[in-house]
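Working notes, beginning with the structure itself.
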Amino acid sequence: MEIVFATGNAHKAAEAQSILGSSFAVIMPKELGIAEEIPETGATLEENAIEKCTYLWERCGKPCFADDTGLEVEALDGAPGVHTARYAGEDKRSEANMEKLLSELQNLGPEYMTVARRKARFRTVIAYKDGNGRLYTFEGILNGHIACKKSGSGGFGYDPVFVPDEADGGKTLAEVSPETKNAISHRGKAVRKLKEFLEHDK
C-alpha cells in the first residue's frame, strides 16, 4: 500500500518506512511533484498535523499522513511546544534551537542543572486521511529530560540534548542506535499506532 508522508525530511521518511514495514511504501510529496512548503499555521500540534494532512490529501487524493512534534519542557511552561522547529528562528536550524534551549534553562539559575528540574517530553501527533478523506489521529509521547550539554552525533533536531527515560545509561537520543530510537521514540510510538490501525483497517 502506498502512503504519502507530508514531509521533506528524508530522515523522518526513512524512520517511518522502517516502522511501517514492507507492506507499505512511504512516498514523499516531492515524488508526486508537490514541491511547495506545506503550511502549518495551527496553534496546537493537533491543528498543525491535520492542516498538513488535509493540504496534502486535497492535492493527491491518496492515503496520506502528517505529523507534528513538540518538545515540551516543564521548567519553560511547555515551551518550545508548537514552536519547536522554529524556536530560534524561521530558518529551523537545529544547532540554534538547541543553543537557545540550553541557554534558557541555564538562565533560570544553577538549581536548574539537575535532572529533576529539567524534565521534558517529546509529543508527536499524527493525522491520517484514507483514500476517502476520513480523518484519524494518533499520539506518541516520550518522557525524559534535557541534558546540560549536547552529546552524540546520530539522529536529528534536538536529539543531542534529549535524554529519554527509556534509554539505558543516560544516553541522549543522538547516542542510541537507530533501532533503539525507533523502539522508544515519540514518533515511533505514533507511527506504530498508525500501522496497527492500517493493518486492522485493511
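Atom set for the values below is all heavy atoms of this structure, side chains included, hydrogens, waters and symmetry mates excluded.
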Is there a path of hydrophobic side-chain contacts, each under 4.5 Å between heavy atoms, that joins [X] and [Y]?
X: L194; Y: Y136; answer: yes
X: M113; Y: V115; answer: no
X: V163; Y: F122; answer: no
X: F138; Y: L56; answer: no
X: I184; Y: L20; answer: no

For residues [X] and [Y], report the shortest heavy-atom separation together with the two atoms involved.
X: S151; Y: A174; value: O-CB, 3.6 Å
X: T172; Y: P160; value: CG2-O, 3.4 Å
X: N97; Y: Y87; value: OD1-N, 3.4 Å
X: D165; Y: G144; value: OD1-CA, 3.3 Å
X: C53; Y: A127; value: SG-O, 3.5 Å
X: A167; Y: V176; value: CB-CG1, 4.0 Å

Output the distance between atom [atom1] ([X]) and atom [atom2] ([Y]), rounded to the nearest 0.5 Å.
X: K30; Y: T7; atom1: NZ; atom2: OG1; answer: 9.5 Å
X: I50; Y: L135; atom1: CD1; atom2: CG; answer: 5.0 Å
X: I141; Y: E72; atom1: CD1; atom2: CD; answer: 7.5 Å
X: F24; Y: E2; atom1: CZ; atom2: CD; answer: 12.5 Å
X: Y158; Y: M98; atom1: OH; atom2: CE; answer: 8.5 Å

Determine whether [X] and [Y] make a side-chain contact, defined as any pair of heavy atoms from C-beta on separated by less than 4.5 Å.
X: L45; Y: T84; value: no
X: L102; Y: C148; value: no
X: T137; Y: I126; value: no
X: V4; Y: I34; value: no
X: V125; Y: N48; value: no
X: E166; Y: L142; value: yes
X: Y112; Y: E104; value: no
X: D67; Y: V191; value: no

Checklist entry - Can you list the steps and then say if T180 with K171 is a side chain to side chain contact (heavy atoms under 4.5 Å, CB included)? => result CA-CA 11 Å; T180 298; K171 291 180 178 179; over 6 Å; no
Do side-chain atoms of [X] reach the backbone of [Y] as a donor and acceptor pair under 3.5 angstrom?
X: S18; Y: E15; value: yes
X: R118; Y: A147; value: yes
X: N9; Y: H11; value: yes
X: E58; Y: Y55; value: no
X: W57; Y: D130; value: yes
X: Q17; Y: G21; value: yes
X: D68; Y: V82; value: no

Next on the checklist: Testing F197, F5, Y128 one by one against F65 for a ring-ring contact (aromatic ring centres under 6.0 Å, His included), which residue passes?
Outcome noted: F5
Neighbour count above 12 (heavy atom, 6.0 Å) for [X] [atom1]:
X: K100; atom1: NZ; value: yes
X: R192; atom1: CZ; value: yes
X: D77; atom1: CG; value: no

Item to check | Verdict with supporting geometry, K92 and E37, salt bridge (Lys or Arg N to Asp or Glu O under 4.0 Å) | outcome: CA-CA 13 Å; K92 301 182 182 180; E37 185 155 346; 3.5 Å; yes
Next on the checklist: So, using salt bridge (charged side-chain N to carboxylate O under 4.0 Å, His left out) as the criterion, who are the partners of E46 when residues are at least two apart?
Outcome noted: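 For E46, the residues satisfying salt bridge (charged side-chain N to carboxylate O under 4.0 Å, His left out) (neighbours in sequence not counted) are R123.
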Item to check | Sole candidate of E36, E40, E47 that passes salt bridge (charged side-chain N to carboxylate O under 4.0 Å, His left out) when paired with K52 | outcome: E40
Next on the checklist: Does K150 form a salt bridge (Lys or Arg N to Asp or Glu O under 4.0 Å) with E99? I'd like the steps, not just the answer.
Outcome noted: CA-CA 9 Å; K150 293 180 287 183; E99 291 298 337; 3.2 Å; yes
Item to check | Trace of the side chain to side chain contact (heavy atoms under 4.5 Å, CB included) decision for L32 with R59 | outcome: CA-CA 10 Å; L32 300 175; R59 277 150 186 78; over 6 Å; no
Checklist entry - Does a side-chain N-to-carboxylate-O contact under 4.0 Å join K193 and E139? => result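 No salt bridge links K193 with E139.
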